[in-house]
Amino acid sequence: MFHLGWFVYEAIQGWGSPEFDPAYGWSTPRLHQDMARKLEGAGFDFILLEDLSAIPDIYGASRAVYLREAVHAPKFDPAVMAGFMAAATSRIGIIPTLTTSFYPPFLLSRLTQTLDLMSGGRIGWNIVTSSSELAARNFGMPGLPEHDERYDIADEYVELCKALWRSWEPGAVLADTITGVFADQDKVHAVDFSGAHYSVLGPLNVPPSPQGRPVLAQAGSSPRGRRFAARHADIVLTPVNHPPAIKAFRDDIRRLAAEEGRDPDSVKVMALAFPHICRDKKEVEQFRAYLQAVPDRRVLAWLAQLSAITGIDMARFDLDEPLPADVDTNGSKGTLDWLRSGNATVRQMALRLARLTPDTPMIGTAEQVAAEMEEVMAQVGGDGFLIAGPLTPANVGRATELLVPALRRRGLVRDGYRHDTLKSHLLEY
């Protein structure tokens, strides 16, 4: 058996595609809440909400394409959306993306612990260090530290958060209405944390949830990012979708986790997947044909996305030539290295980011995709897939009504929740 998560990455869900549902509008939480309930009904472990704290102006040195195509604009606060989605569900985990670069550690620890407590232990934190220079300027910073230095700072940041979450011992909350004593003062402690970057007295002023602390997720793919993920994360996300690459990544994370003194089985490596479920063979053929000639407008939208991720203006380069070898980034190095591998052209890089290349895996009927997922997991050894795609009724419906039943028939995913917390879902198998 393997785990399933859903990755929410678009600004306006389904915008620019025939599957945008105007009945939901775009400025209410109802779509996110309804889709969360559908994914919960299908037994997904969690929903992860991506973020960027700026409207980019990287592609073509302009905000035009971002605003026209709703690429990272607007971008609703993931912590707020997590609260709406958690309030509409009772079992599925919700993981907002929050950056160590812009949140004070005490604020982030308190925010996530509040969400986790109020949801009964179903909240996670997707840890990012932020790769956007523009976002840094929105928070009064002249720019970002160098890539590896951001991870050095984040190591201290996460250790501080862990200390704050531990500042209430188990059993500290008595909530005794007979004696009138709420908490045992001897079980709540200051953290007195003083490091190279942060100094916090503590204790946290929010008690722990049933799972103790939020589940930690991370997507570092560079060597420094992998070390960070292996040290801290409960869920590690990988962008690669070729089975040998997934296996190599998972093996490396498990090796690094063991070096960090952790049980590798407690770290779940989730491969990013873009399954396209078709109802019959004709639909499969039609979609494969579409992939041979993706419209330039969609290519440019994904190039704008890539520009925002890397901080590189992709409009400067020929679409049908490889990216020059001397082009580098202080943003997401691992993503850039993966996209340009094999001497890919700039167009191919955009399509690879969108999983819209002619050799894209997991396109077929529900039974075909379920069989492919089973084969991939058999090759890599686990632990599951993070399904990416617009959170629209049509797209979520294909996953929950077609794909998940096919996976259940093969005994690959849960047929119902046996636990209440996100941590318990992950450690079930």
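Side chains included, hydrogens not; waters and symmetry mates left out as well; all remaining heavy atoms used.
Inter-residue side-chain proximity for Arg122 and Phe46 is flagged as unmet; no heavy-atom pair is nearer than 4.5 Å. Glu428 places none of its side-chain heavy atoms less than 4.5 Å from the side chain of Met1. With contacts defined as side-chain heavy-atom distances shorter than 4.5 Å, the pair Pro208/Trp165 does not qualify.
Within the model, atoms CZ of Arg250 and NZ of Lys247 stand 7.5 Å from one another, a figure rounded to the nearest 0.5 Å. A distance of 8.0 Å separates CG of Leu272 from CG of Leu237, quoted to the nearest 0.5 Å. Rounded to the nearest 0.5 angstrom, Ile246 CD1 and Met377 CE are separated by 6.0 Å.
Formation of a donor-acceptor pair under 3.5 Å by the Ser131 side chain with backbone atoms of Ile309 is found in this model. Of the possible polar contacts, one joining the Asn138 side chain to the Ser53 backbone as a donor-acceptor pair under 3.5 Å is found. Looking at Glu156, its side chain does come within 3.5 Å of a backbone N or O of Ala196 through a donor-acceptor pair. Counting only distance, with no hydrogens or angles, the side chain of Trp168 and the backbone of Leu204 share a donor-acceptor pair below 3.5 Å. Using a distance-only test at 3.5 Å, with no hydrogens or angles considered, no donor-acceptor pair links the side chain of Arg63 to the main chain of Asp57. Put simply, the side chain of Trp6 never gets that close to the backbone of Asp45: no donor and acceptor are under 3.5 Å apart. Using modelled atom types, no side-chain atom of Arg213 and backbone atom of Cys161 make a donor-acceptor pair closer than 3.5 Å. Checking side-chain atoms of Asp116 against main-chain N and O of Ile123 turns up a donor-acceptor pair under 3.5 Å. Under a 3.5 Å cut-off, the side chain of Gln211 and the backbone N or O of Lys423 do form a donor-acceptor pair. In this structure, the side chain of Thr329 engages the main chain of Thr310 through a donor-acceptor pair within 3.5 Å.
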Could you please spell out the steps behind the ring-ring contact (aromatic ring centres under 6.0 Å, His included) verdict for Tyr429 and His3?
-> CA-CA 8 Å; Tyr429 46 83; His3 300 274; 4.4 Å; yes

Could you check His232 against Glu159 for side chain to side chain contact (heavy atoms under 4.5 Å, CB included), going step by step and ending with a plain yes or no?
-> CA-CA 9 Å; His232 300 292; Glu159 291 300 339; 3.2 Å; yes

Stepwise side chain to side chain contact (heavy atoms under 4.5 Å, CB included) check, Asp234 with Lys268 = CA-CA 6 Å; Asp234 306 300; Lys268 304 302 179 181; over 6 Å; no

Might you work through the salt bridge (charged side-chain N to carboxylate O under 4.0 Å, His left out) test for Glu146 and Arg150, ending with a clear yes or no?
-> CA-CA 6 Å; Glu146 289 300 311; Arg150 295 201 301 272; over 6 Å; no

Applying side chain to side chain contact (heavy atoms under 4.5 Å, CB included), run through Leu39 and Ile47 and close with a yes or a no.
-> CA-CA 8 Å; Leu39 293 168; Ile47 301 168; 3.8 Å; yes

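No more than 12 heavy-atom neighbours from other residues, nucleotides or ligands sit within 6.0 angstrom of CZ on Phe84. In the displayed structure, Arg231 atom CZ is contacted under 6.0 Å by more than 12 heavy atoms of other residues, nucleotides or ligands. Within a 6.0 Å sphere centred on CZ of Arg68, heavy atoms belonging to other residues, nucleotides or ligands number more than 12. Enclosure of atom CZ in Arg408 by more than 12 non-hydrogen atoms of other residues, nucleotides or ligands within 6.0 angstrom is indicated.
Considering every non-hydrogen atom in both Ala11 and Pro74, the closest pair reads CB-O, 2.7 Å. Contact record, Ala42 with Val404: O-CG1, 3.5 Å, taken as the closest heavy-atom pair. In terms of heavy atoms, Val299 sits closest to Ala350 at O-CB, 3.9 Å. Residues Gln13 and Leu31 come closest through the heavy atom pair CB-CD2, 3.7 Å.
Note: Tyr157 and His197 fail the aromatic proximity criterion, with ring centroids not under 6.0 Å apart. Between Tyr59 and Tyr66, a ring centre-to-centre spacing not shorter than 6.0 Å is recorded.
Only one option out of Asn126, Val80, Ile94, Leu98 pairs with Leu49 in a side-chain contact (heavy atoms from CB on, under 4.5 Å); it is Ile94.
In this pair, Trp302 and Tyr9 present their aromatic rings tilted. The plane angle is within the 30 to 60° band. By the 30° and 60° cut-offs, the orientation of the rings of Phe139 relative to Phe102 is parallel.
Using a 4.0 Å cut-off between charged nitrogen and carboxylate oxygen, Glu40 and Arg91 do not count as a salt-bridge pair.
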